[in-house]
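Start at 1 and go down the list; that is how both ligands and their atoms are numbered. Source: prediction; values computed, not measured.
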Amino acid sequence: METTRILIADDDKKTRDFVAAFLSYRGYQVFQASDGQDALEKIELNDVHLVITDIMMPRVNGLEFIKKLKAMRPEIVTIAYSAFANSEMTANLLKAGAFFYLEKPFNLEELETHVKRGLEHQALQNQSFRTKPCIKNRSLLNNIIGESDRMLALFELIEKVADSDSTVLLQGESGTGKELVARAIHDLSGRRTKNFVPVNCAAIPDDLLESELFGHVKGSFTGAVATRIGRFEMADKGTLFLDEIGDMKPNLQVKLLRVLQNRELEPVGATHSKKVDVRIIAATNQNLEKLVSSKEFREDLYYRLSVIPIMLPPLRDRKGDIPLLINSFMEKFNRDKQHKVKGLDRSALEILCCYDWPGNVRELENLVERLVILKGNGIITPHDLPDKYRGVRTSVIQETLALPEKGFCLNSAVEEFENKLILQALEKTGGNKKEAAMLLNLKRTTLIEKLKKKKLIFGPRMMSSS
Ligand SMILES: Nc1ncnc2c1ncn2[C@@H]1O[C@H](COP(=O)(O)OP(=O)(O)OP(=O)(O)O)[C@@H](O)[C@H]1O
Ligand SMILES: [Mg+2]
(Lines give C-alpha, C1' and ligand atoms only; values in the text may rest on other atoms or scores of the structure.)
(Ligands and ions follow the chains in the order given, each with its own letter.)
Protein backbone atom coordinates (compact mmCIF):
# COMPACT_ATOMS: atom_id res chain seq x y z
CA MET A 1 0.00 0.00 0.00
CA GLU A 2 1.20 3.51 -0.77
CA THR A 3 2.65 5.38 2.22
CA THR A 4 0.62 8.42 3.21
CA ARG A 5 2.61 11.64 2.81
CA ILE A 6 1.99 14.45 5.26
CA LEU A 7 3.46 17.93 5.31
CA ILE A 8 3.71 19.87 8.53
CA ALA A 9 4.08 23.65 8.37
CA ASP A 10 5.12 25.56 11.50
CA ASP A 11 7.73 28.23 12.07
CA ASP A 12 8.39 26.77 15.51
CA LYS A 13 10.93 24.03 14.80
CA LYS A 14 10.41 22.34 18.15
CA THR A 15 6.69 21.74 17.60
CA ARG A 16 7.34 20.71 14.01
CA ASP A 17 9.99 18.15 14.96
CA PHE A 18 7.83 16.81 17.74
CA VAL A 19 4.77 16.24 15.53
CA ALA A 20 6.94 14.95 12.65
CA ALA A 21 8.68 12.42 14.91
CA PHE A 22 5.36 11.11 16.18
CA LEU A 23 3.82 10.79 12.71
CA SER A 24 6.96 9.13 11.26
CA TYR A 25 6.84 6.66 14.13
CA ARG A 26 3.22 5.91 13.17
CA GLY A 27 4.35 5.06 9.62
CA TYR A 28 3.61 8.26 7.70
CA GLN A 29 6.15 9.90 5.42
CA VAL A 30 6.56 13.42 6.78
CA PHE A 31 7.82 16.62 5.13
CA GLN A 32 8.44 19.85 7.01
CA ALA A 33 8.04 23.51 6.07
CA SER A 34 8.87 26.61 8.09
CA ASP A 35 5.97 28.79 6.83
CA GLY A 36 3.14 28.90 4.29
CA GLN A 37 5.35 29.96 1.41
CA ASP A 38 7.86 27.19 2.09
CA ALA A 39 4.95 24.74 2.37
CA LEU A 40 3.50 25.75 -1.03
CA GLU A 41 6.90 25.25 -2.63
CA LYS A 42 7.40 21.84 -0.99
CA ILE A 43 3.92 20.71 -2.03
CA GLU A 44 4.75 21.51 -5.63
CA LEU A 45 7.76 19.18 -5.39
CA ASN A 46 6.24 16.42 -3.25
CA ASP A 47 2.83 14.96 -3.85
CA VAL A 48 1.37 15.08 -0.34
CA HIS A 49 -2.00 13.75 0.80
CA LEU A 50 -2.52 15.83 3.90
CA VAL A 51 -1.22 19.05 5.44
CA ILE A 52 -1.03 20.02 9.10
CA THR A 53 -0.42 23.71 9.59
CA ASP A 54 0.08 26.28 12.28
CA ILE A 55 -1.84 29.55 11.80
CA MET A 56 0.59 32.18 13.00
CA MET A 57 3.52 31.99 10.63
CA PRO A 58 5.65 34.65 8.94
CA ARG A 59 5.53 35.38 5.18
CA VAL A 60 2.38 33.41 4.26
CA ASN A 61 0.27 32.70 7.35
CA GLY A 62 -1.89 29.62 7.87
CA LEU A 63 -5.16 31.09 6.60
CA GLU A 64 -3.58 32.53 3.45
CA PHE A 65 -1.77 29.27 2.94
CA ILE A 66 -4.96 27.21 3.15
CA LYS A 67 -6.73 29.51 0.69
CA LYS A 68 -3.90 29.23 -1.79
CA LEU A 69 -3.61 25.50 -1.31
CA LYS A 70 -7.35 25.00 -1.88
CA ALA A 71 -7.18 26.97 -5.14
CA MET A 72 -4.15 24.96 -6.26
CA ARG A 73 -4.84 21.47 -4.90
CA PRO A 74 -8.38 21.24 -3.52
CA GLU A 75 -8.08 17.51 -2.82
CA ILE A 76 -5.36 17.91 -0.15
CA VAL A 77 -6.86 17.60 3.34
CA THR A 78 -5.80 20.36 5.74
CA ILE A 79 -5.75 20.34 9.52
CA ALA A 80 -4.94 23.65 11.18
CA TYR A 81 -3.89 24.42 14.74
CA SER A 82 -3.11 27.48 16.79
CA ALA A 83 -2.97 28.72 20.34
CA PHE A 84 -4.45 32.08 19.36
CA ALA A 85 -7.48 31.36 17.19
CA ASN A 86 -10.91 32.63 18.21
CA SER A 87 -14.32 31.61 16.87
CA GLU A 88 -14.10 34.07 13.98
CA MET A 89 -10.73 32.69 12.95
CA THR A 90 -12.04 29.13 13.21
CA ALA A 91 -15.00 30.01 11.00
CA ASN A 92 -12.66 31.63 8.47
CA LEU A 93 -10.40 28.58 8.46
CA LEU A 94 -13.26 26.20 7.84
CA LYS A 95 -14.70 28.51 5.20
CA ALA A 96 -11.31 28.57 3.49
CA GLY A 97 -11.46 24.77 3.25
CA ALA A 98 -9.67 23.49 6.38
CA PHE A 99 -10.91 20.03 7.31
CA PHE A 100 -10.41 20.48 11.05
CA TYR A 101 -9.12 23.03 13.51
CA LEU A 102 -7.27 22.06 16.70
CA GLU A 103 -6.48 24.30 19.61
CA LYS A 104 -2.96 24.21 21.00
CA PRO A 105 -1.77 22.44 23.10
CA PHE A 106 -3.20 19.25 21.62
CA ASN A 107 -2.67 15.63 22.23
CA LEU A 108 -0.81 13.75 19.47
CA GLU A 109 -3.21 10.81 19.61
CA GLU A 110 -6.05 13.28 19.07
CA LEU A 111 -4.18 14.75 16.12
CA GLU A 112 -3.79 11.31 14.57
CA THR A 113 -7.52 10.63 14.96
CA HIS A 114 -8.22 13.72 12.85
CA VAL A 115 -5.54 12.73 10.35
CA LYS A 116 -7.26 9.36 9.90
CA ARG A 117 -10.69 10.95 9.56
CA GLY A 118 -9.29 13.41 7.02
CA LEU A 119 -7.78 10.59 4.98
CA GLU A 120 -11.04 8.63 5.05
CA HIS A 121 -12.87 11.72 3.86
CA GLN A 122 -10.33 12.09 1.05
CA ALA A 123 -10.74 8.44 0.03
CA LEU A 124 -14.50 8.97 -0.27
CA GLN A 125 -13.95 12.10 -2.36
CA ASN A 126 -11.56 10.16 -4.60
CA GLN A 127 -14.16 7.48 -5.14
CA SER A 128 -16.61 10.02 -6.41
CA PHE A 129 -13.77 11.43 -8.53
CA ARG A 130 -13.27 8.01 -10.08
CA THR A 131 -16.91 7.78 -11.00
CA LYS A 132 -16.56 11.07 -12.85
CA PRO A 133 -15.03 10.03 -16.16
CA CYS A 134 -18.20 8.68 -17.75
CA ILE A 135 -20.11 11.79 -16.76
CA LYS A 136 -17.18 14.04 -17.53
CA ASN A 137 -16.85 12.70 -21.07
CA ARG A 138 -20.44 13.50 -21.70
CA SER A 139 -20.15 16.92 -20.18
CA LEU A 140 -17.05 17.58 -22.21
CA LEU A 141 -18.92 16.44 -25.27
CA ASN A 142 -21.40 19.19 -24.56
CA ASN A 143 -18.84 21.69 -23.31
CA ILE A 144 -20.28 21.97 -19.84
CA ILE A 145 -17.31 22.35 -17.55
CA GLY A 146 -17.40 21.59 -13.85
CA GLU A 147 -16.34 19.02 -11.32
CA SER A 148 -17.91 20.47 -8.19
CA ASP A 149 -20.57 18.46 -6.38
CA ARG A 150 -23.24 20.86 -7.64
CA MET A 151 -22.17 20.29 -11.23
CA LEU A 152 -21.84 16.51 -10.83
CA ALA A 153 -25.37 16.42 -9.48
CA LEU A 154 -26.46 18.52 -12.44
CA PHE A 155 -24.80 16.15 -14.95
CA GLU A 156 -26.51 13.22 -13.33
CA LEU A 157 -29.88 14.97 -13.54
CA ILE A 158 -29.32 15.95 -17.17
CA GLU A 159 -28.56 12.34 -18.06
CA LYS A 160 -31.66 11.14 -16.25
CA VAL A 161 -34.07 13.62 -17.78
CA ALA A 162 -32.59 13.79 -21.29
CA ASP A 163 -34.32 10.74 -22.61
CA SER A 164 -37.74 11.47 -21.18
CA ASP A 165 -40.02 13.81 -23.04
CA SER A 166 -40.82 15.76 -19.90
CA THR A 167 -40.85 19.53 -19.96
CA VAL A 168 -37.84 21.05 -18.24
CA LEU A 169 -37.65 24.46 -16.59
CA LEU A 170 -34.10 25.81 -16.26
CA GLN A 171 -33.66 28.56 -13.72
CA GLY A 172 -30.50 30.38 -12.80
CA GLU A 173 -28.79 33.74 -12.92
CA SER A 174 -27.60 35.19 -16.18
CA GLY A 175 -24.50 33.45 -17.55
CA THR A 176 -24.85 30.24 -15.55
CA GLY A 177 -25.15 28.09 -18.67
CA LYS A 178 -28.90 27.58 -19.14
CA GLU A 179 -28.68 27.51 -22.93
CA LEU A 180 -25.69 25.19 -22.77
CA VAL A 181 -27.64 22.80 -20.56
CA ALA A 182 -30.72 22.99 -22.80
CA ARG A 183 -28.58 21.98 -25.79
CA ALA A 184 -26.95 19.18 -23.78
CA ILE A 185 -30.37 17.77 -22.86
CA HIS A 186 -31.36 17.80 -26.51
CA ASP A 187 -28.05 16.26 -27.63
CA LEU A 188 -28.36 13.43 -25.14
CA SER A 189 -32.00 12.73 -25.99
CA GLY A 190 -33.54 10.51 -28.62
CA ARG A 191 -34.48 13.70 -30.46
CA ARG A 192 -30.84 14.62 -31.13
CA THR A 193 -31.07 14.04 -34.89
CA LYS A 194 -33.98 16.49 -35.16
CA ASN A 195 -33.97 20.27 -34.67
CA PHE A 196 -33.12 22.15 -31.52
CA VAL A 197 -34.99 25.42 -32.03
CA PRO A 198 -34.31 28.33 -29.66
CA VAL A 199 -36.74 31.22 -29.24
CA ASN A 200 -35.79 34.21 -27.15
CA CYS A 201 -39.14 35.40 -25.83
CA ALA A 202 -37.63 38.69 -24.61
CA ALA A 203 -36.01 39.58 -27.94
CA ILE A 204 -39.06 39.24 -30.19
CA PRO A 205 -41.63 42.10 -30.09
CA ASP A 206 -44.82 41.05 -28.30
CA ASP A 207 -47.05 41.42 -31.34
CA LEU A 208 -44.81 39.18 -33.44
CA LEU A 209 -44.09 36.48 -30.89
CA GLU A 210 -47.34 34.60 -31.42
CA SER A 211 -46.78 34.22 -35.16
CA GLU A 212 -43.10 33.47 -34.55
CA LEU A 213 -44.08 30.58 -32.27
CA PHE A 214 -47.16 29.21 -34.00
CA GLY A 215 -46.80 30.47 -37.58
CA HIS A 216 -49.40 32.32 -39.63
CA VAL A 217 -51.44 32.00 -42.77
CA LYS A 218 -51.05 34.38 -45.69
CA GLY A 219 -53.01 37.63 -45.22
CA SER A 220 -53.79 37.03 -41.56
CA PHE A 221 -52.27 40.40 -40.64
CA THR A 222 -50.57 43.30 -42.40
CA GLY A 223 -47.21 42.06 -43.55
CA ALA A 224 -48.22 38.38 -43.62
CA VAL A 225 -47.47 38.14 -47.33
CA ALA A 226 -47.02 34.39 -47.28
CA THR A 227 -47.99 31.46 -45.07
CA ARG A 228 -45.17 30.68 -42.66
CA ILE A 229 -44.62 27.89 -40.19
CA GLY A 230 -43.67 28.82 -36.66
CA ARG A 231 -40.85 27.64 -34.42
CA PHE A 232 -43.06 24.97 -32.86
CA GLU A 233 -43.40 23.27 -36.21
CA MET A 234 -39.71 23.74 -37.00
CA ALA A 235 -39.01 21.85 -33.81
CA ASP A 236 -41.38 18.98 -34.68
CA LYS A 237 -39.93 15.69 -33.34
CA GLY A 238 -37.15 17.80 -31.86
CA THR A 239 -36.78 20.30 -28.99
CA LEU A 240 -38.11 23.84 -28.63
CA PHE A 241 -36.09 26.02 -26.27
CA LEU A 242 -38.25 28.83 -24.87
CA ASP A 243 -35.63 31.19 -23.47
CA GLU A 244 -36.48 34.14 -21.17
CA ILE A 245 -39.94 32.67 -20.60
CA GLY A 246 -40.49 35.10 -17.69
CA ASP A 247 -40.86 37.90 -20.26
CA MET A 248 -43.79 36.33 -22.07
CA LYS A 249 -46.94 38.47 -21.96
CA PRO A 250 -50.11 37.06 -20.26
CA ASN A 251 -52.18 36.73 -23.47
CA LEU A 252 -49.52 34.56 -25.04
CA GLN A 253 -49.04 32.60 -21.84
CA VAL A 254 -52.65 31.39 -22.23
CA LYS A 255 -52.00 30.26 -25.80
CA LEU A 256 -48.81 28.49 -24.87
CA LEU A 257 -50.58 26.72 -22.04
CA ARG A 258 -53.17 25.44 -24.49
CA VAL A 259 -50.50 24.04 -26.79
CA LEU A 260 -48.73 22.33 -23.89
CA GLN A 261 -51.99 20.76 -22.74
CA ASN A 262 -53.31 19.63 -26.09
CA ARG A 263 -50.09 19.28 -28.09
CA GLU A 264 -51.94 21.13 -30.82
CA LEU A 265 -51.41 24.62 -32.11
CA GLU A 266 -53.34 27.06 -34.22
CA PRO A 267 -51.31 29.30 -36.55
CA VAL A 268 -52.37 32.97 -36.56
CA GLY A 269 -55.36 33.32 -38.90
CA ALA A 270 -55.83 29.57 -39.35
CA THR A 271 -59.13 27.77 -38.94
CA HIS A 272 -57.72 24.35 -38.06
CA SER A 273 -55.30 23.27 -35.41
CA LYS A 274 -52.18 21.17 -36.10
CA LYS A 275 -50.66 18.36 -34.04
CA VAL A 276 -47.06 18.84 -32.96
CA ASP A 277 -44.60 16.53 -31.28
CA VAL A 278 -42.21 18.87 -29.48
CA ARG A 279 -40.21 18.59 -26.31
CA ILE A 280 -40.18 21.87 -24.43
CA ILE A 281 -37.28 23.24 -22.44
CA ALA A 282 -37.95 26.66 -20.92
CA ALA A 283 -35.45 28.95 -19.21
CA THR A 284 -35.41 32.15 -17.23
CA ASN A 285 -33.08 34.17 -15.07
CA GLN A 286 -36.05 35.70 -13.25
CA ASN A 287 -37.64 34.26 -10.15
CA LEU A 288 -40.74 32.66 -11.66
CA GLU A 289 -42.27 31.85 -8.27
CA LYS A 290 -42.19 35.57 -7.48
CA LEU A 291 -43.74 36.43 -10.84
CA VAL A 292 -46.47 33.89 -10.07
CA SER A 293 -47.15 35.52 -6.68
CA SER A 294 -47.33 38.96 -8.26
CA LYS A 295 -49.67 37.50 -10.91
CA GLU A 296 -47.32 38.41 -13.75
CA PHE A 297 -46.88 34.78 -14.67
CA ARG A 298 -49.72 32.26 -14.81
CA GLU A 299 -49.57 29.70 -12.07
CA ASP A 300 -51.02 26.92 -14.26
CA LEU A 301 -48.38 27.57 -16.94
CA TYR A 302 -45.67 27.60 -14.31
CA TYR A 303 -46.68 24.12 -13.13
CA ARG A 304 -46.91 22.85 -16.72
CA LEU A 305 -43.40 24.06 -17.41
CA SER A 306 -41.74 23.01 -14.21
CA VAL A 307 -42.38 19.29 -14.50
CA ILE A 308 -38.62 18.94 -14.09
CA PRO A 309 -37.21 22.09 -12.52
CA ILE A 310 -33.44 22.45 -12.76
CA MET A 311 -31.67 25.19 -10.85
CA LEU A 312 -28.24 26.14 -12.19
CA PRO A 313 -25.82 27.22 -9.48
CA PRO A 314 -24.22 30.65 -9.64
CA LEU A 315 -20.44 30.48 -10.09
CA ARG A 316 -19.85 31.91 -6.60
CA ASP A 317 -21.42 28.73 -5.19
CA ARG A 318 -18.98 26.50 -7.05
CA LYS A 319 -15.77 28.45 -6.82
CA GLY A 320 -13.76 25.22 -6.87
CA ASP A 321 -14.56 25.02 -10.60
CA ILE A 322 -12.96 28.39 -11.36
CA PRO A 323 -9.41 27.08 -12.07
CA LEU A 324 -10.83 24.38 -14.35
CA LEU A 325 -12.97 26.88 -16.26
CA ILE A 326 -10.04 29.28 -16.61
CA ASN A 327 -7.80 26.53 -18.01
CA SER A 328 -10.40 25.40 -20.44
CA PHE A 329 -11.20 28.91 -21.70
CA MET A 330 -7.51 29.74 -21.89
CA GLU A 331 -6.86 26.68 -24.02
CA LYS A 332 -9.78 27.60 -26.26
CA PHE A 333 -8.78 31.24 -26.75
CA ASN A 334 -5.07 30.43 -27.16
CA ARG A 335 -6.09 28.05 -29.92
CA ASP A 336 -8.57 30.44 -31.56
CA LYS A 337 -6.27 33.47 -31.44
CA GLN A 338 -3.02 31.52 -31.93
CA HIS A 339 -1.64 32.97 -28.71
CA LYS A 340 0.54 31.33 -26.08
CA VAL A 341 -0.57 32.50 -22.66
CA LYS A 342 0.71 29.91 -20.19
CA GLY A 343 -1.69 30.54 -17.32
CA LEU A 344 -2.15 32.62 -14.18
CA ASP A 345 0.29 32.98 -11.35
CA ARG A 346 -0.88 32.01 -7.87
CA SER A 347 -1.87 35.52 -6.78
CA ALA A 348 -3.91 36.22 -9.90
CA LEU A 349 -5.67 32.88 -9.56
CA GLU A 350 -6.33 33.58 -5.90
CA ILE A 351 -7.90 36.93 -6.75
CA LEU A 352 -10.19 35.37 -9.33
CA CYS A 353 -11.13 32.56 -6.96
CA CYS A 354 -12.16 35.12 -4.30
CA TYR A 355 -14.25 37.21 -6.70
CA ASP A 356 -18.02 36.71 -6.66
CA TRP A 357 -18.71 36.66 -10.43
CA PRO A 358 -22.09 38.42 -10.73
CA GLY A 359 -22.00 37.68 -14.48
CA ASN A 360 -21.18 34.03 -13.74
CA VAL A 361 -19.41 31.85 -16.34
CA ARG A 362 -20.08 34.33 -19.14
CA GLU A 363 -18.15 37.01 -17.24
CA LEU A 364 -15.27 34.62 -16.57
CA GLU A 365 -15.17 33.51 -20.20
CA ASN A 366 -15.10 37.13 -21.40
CA LEU A 367 -12.34 38.02 -18.96
CA VAL A 368 -10.15 35.11 -20.08
CA GLU A 369 -10.68 36.07 -23.71
CA ARG A 370 -9.64 39.63 -22.95
CA LEU A 371 -6.58 38.49 -20.96
CA VAL A 372 -5.44 36.14 -23.75
CA ILE A 373 -5.80 38.87 -26.37
CA LEU A 374 -4.04 41.57 -24.35
CA LYS A 375 -1.28 39.41 -22.91
CA GLY A 376 -0.45 37.30 -25.98
CA ASN A 377 2.01 35.08 -24.13
CA GLY A 378 3.64 34.54 -20.73
CA ILE A 379 1.95 34.33 -17.36
CA ILE A 380 -0.95 36.50 -16.17
CA THR A 381 -0.19 38.35 -12.92
CA PRO A 382 -2.49 40.50 -10.77
CA HIS A 383 -1.29 43.56 -12.70
CA ASP A 384 -2.86 42.17 -15.88
CA LEU A 385 -6.28 41.99 -14.24
CA PRO A 386 -8.74 44.87 -14.65
CA ASP A 387 -9.06 47.05 -11.49
CA LYS A 388 -12.50 45.68 -10.75
CA TYR A 389 -11.03 42.26 -9.96
CA ARG A 390 -8.04 43.56 -8.06
CA GLY A 391 -10.35 45.47 -5.75
CA VAL A 392 -11.82 42.18 -4.64
CA ARG A 393 -9.68 41.91 -1.55
CA THR A 394 -11.21 45.06 -0.11
CA SER A 395 -14.68 43.73 -0.72
CA VAL A 396 -13.82 40.42 0.92
CA ILE A 397 -12.73 42.35 4.00
CA GLN A 398 -15.88 44.45 3.95
CA GLU A 399 -18.09 41.39 3.86
CA THR A 400 -16.86 40.32 7.26
CA LEU A 401 -18.00 43.61 8.83
CA ALA A 402 -21.24 43.73 10.73
CA LEU A 403 -22.69 46.56 12.77
CA PRO A 404 -23.41 45.35 16.32
CA GLU A 405 -27.03 45.64 17.43
CA LYS A 406 -26.28 48.28 20.06
CA GLY A 407 -24.01 50.31 17.82
CA PHE A 408 -20.34 50.97 18.54
CA CYS A 409 -17.60 53.58 18.50
CA LEU A 410 -16.77 54.21 14.86
CA ASN A 411 -13.43 55.89 15.51
CA SER A 412 -11.98 53.10 17.58
CA ALA A 413 -13.39 50.47 15.20
CA VAL A 414 -11.75 52.19 12.22
CA GLU A 415 -8.51 52.42 14.17
CA GLU A 416 -8.66 48.74 15.08
CA PHE A 417 -9.49 47.78 11.51
CA GLU A 418 -6.51 49.76 10.23
CA ASN A 419 -4.19 48.26 12.83
CA LYS A 420 -5.27 44.74 12.00
CA LEU A 421 -4.70 45.22 8.30
CA ILE A 422 -1.29 46.81 8.83
CA LEU A 423 -0.23 43.93 11.05
CA GLN A 424 -1.55 41.41 8.55
CA ALA A 425 0.40 43.08 5.75
CA LEU A 426 3.56 43.00 7.87
CA GLU A 427 2.94 39.40 8.77
CA LYS A 428 2.39 38.46 5.17
CA THR A 429 5.63 40.09 4.08
CA GLY A 430 7.65 38.77 7.02
CA GLY A 431 8.00 42.30 8.43
CA ASN A 432 9.24 43.86 5.18
CA LYS A 433 7.86 47.41 5.39
CA LYS A 434 8.39 48.26 1.75
CA GLU A 435 6.42 45.22 0.57
CA ALA A 436 3.78 45.68 3.26
CA ALA A 437 3.30 49.31 2.15
CA MET A 438 2.84 48.11 -1.43
CA LEU A 439 0.18 45.63 -0.33
CA LEU A 440 -1.66 48.45 1.41
CA ASN A 441 -1.18 50.87 -1.45
CA LEU A 442 0.69 53.25 0.86
CA LYS A 443 4.06 54.98 0.62
CA ARG A 444 6.71 53.26 2.71
CA THR A 445 7.23 56.46 4.70
CA THR A 446 3.49 56.76 5.41
CA LEU A 447 3.45 53.21 6.75
CA ILE A 448 6.47 53.89 8.98
CA GLU A 449 4.81 57.05 10.29
CA LYS A 450 1.64 55.15 11.08
CA LEU A 451 3.59 52.42 12.87
CA LYS A 452 5.34 55.01 15.02
CA LYS A 453 2.16 56.92 15.77
CA LYS A 454 0.20 53.83 16.62
CA LYS A 455 3.12 52.22 18.47
CA LEU A 456 2.43 49.02 16.56
CA ILE A 457 4.93 46.26 17.22
CA PHE A 458 5.39 43.39 14.85
CA GLY A 459 7.24 40.19 15.79
CA PRO A 460 7.23 36.69 14.28
CA ARG A 461 4.84 35.27 16.88
CA MET A 462 3.58 38.40 18.48
CA MET A 463 1.09 40.93 17.29
CA SER A 464 0.17 43.77 19.50
CA SER A 465 -1.15 47.26 19.25
CA SER A 466 0.04 48.38 22.67
N1 LIG B 1 -20.39 25.11 -17.17
C2 LIG B 1 -19.95 25.78 -18.23
N3 LIG B 1 -18.88 25.36 -18.89
C4 LIG B 1 -18.40 26.03 -19.95
N5 LIG B 1 -18.92 27.15 -20.43
C6 LIG B 1 -20.01 27.62 -19.83
C7 LIG B 1 -20.57 26.97 -18.68
N8 LIG B 1 -21.64 27.67 -18.29
C9 LIG B 1 -21.74 28.71 -19.12
N10 LIG B 1 -20.77 28.69 -20.04
C11 LIG B 1 -20.53 29.69 -21.12
O12 LIG B 1 -20.94 30.94 -20.61
C13 LIG B 1 -21.67 31.66 -21.58
C14 LIG B 1 -23.07 31.91 -21.07
O15 LIG B 1 -23.80 30.69 -21.01
P16 LIG B 1 -25.34 30.61 -21.40
O17 LIG B 1 -25.62 31.48 -22.59
O18 LIG B 1 -25.73 29.19 -21.52
O19 LIG B 1 -25.93 31.29 -20.09
P20 LIG B 1 -27.43 31.60 -19.70
O21 LIG B 1 -27.64 30.99 -18.36
O22 LIG B 1 -28.32 31.18 -20.81
O23 LIG B 1 -27.40 33.16 -19.52
P24 LIG B 1 -28.58 34.26 -19.79
O25 LIG B 1 -29.59 34.12 -18.69
O26 LIG B 1 -27.87 35.58 -19.70
O27 LIG B 1 -29.13 33.97 -21.14
C28 LIG B 1 -21.65 30.82 -22.85
O29 LIG B 1 -20.60 31.25 -23.69
C30 LIG B 1 -21.39 29.43 -22.35
O31 LIG B 1 -20.72 28.68 -23.31
MG1 LIG C 1 -29.47 32.30 -22.12
The one among Asp243, Leu180, Leu325 that brings a heavy atom closest to atom 7 (C) of ligand 1: Leu180
Applying a strict 4.0 Å limit to heavy atoms, is [X] in contact with ligand 1?
X: Val181; value: no
X: Arg318; value: yes
X: Gly175; value: yes

Specify the protein heavy atom at minimum distance from [atom]: its residue, its atom name, and the distance to 0.1 Å.
atom: atom 19 (O) of ligand 1; value: Gly177 N, 3.2 Å
atom: atom 10 (N) of ligand 1; value: Val361 CG1, 3.4 Å
atom: atom 17 (O) of ligand 1; value: Arg362 NH2, 3.2 Å
atom: atom 29 (O) of ligand 1; value: Glu365 OE1, 2.6 Å
atom: atom 2 (C) of ligand 1; value: Ile145 N, 3.5 Å
atom: atom 26 (O) of ligand 1; value: Ser174 OG, 2.4 Å
atom: atom 4 (C) of ligand 1; value: Asn143 O, 3.2 Å
atom: atom 22 (O) of ligand 1; value: Glu179 N, 3.3 Å

Between the side chains of [X] and [Y], does any donor sit under 3.5 Å from an acceptor?
X: Ser294; Y: Glu296; answer: yes
X: Asp247; Y: Gln286; answer: yes
X: Asn360; Y: Thr176; answer: no
X: His114; Y: Arg117; answer: yes
X: Asn61; Y: Glu427; answer: yes

Expected output: side-chain Arg192 to main-chain Asp187 donor-acceptor under 3.5 Å: yes
Plane angle bin for Phe329 and Phe333 - parallel if under 30°, tilted between 30 and 60°, otherwise perpendicular: tilted
Proximity of Phe221 and His216 rings by center, below 6.0 Å: yes
Close aromatic pair by centroid cut-off 6.0 Å: Phe297 and Tyr302: no
Atom indices of ligand 1 within 4.0 angstrom of Ile144 heavy atoms, with elements: 1 (N), 3 (N)
Nitrogen or oxygen atoms of Thr176 and ligand 1 under 3.5 Å apart: yes
Over 12 non-hydrogen atoms of neighbours within 6.0 angstrom of NZ in Lys337: yes
Proximity of Phe329 to ligand 1 by residue part, where a heavy atom lies under 4.0 Å: side chain
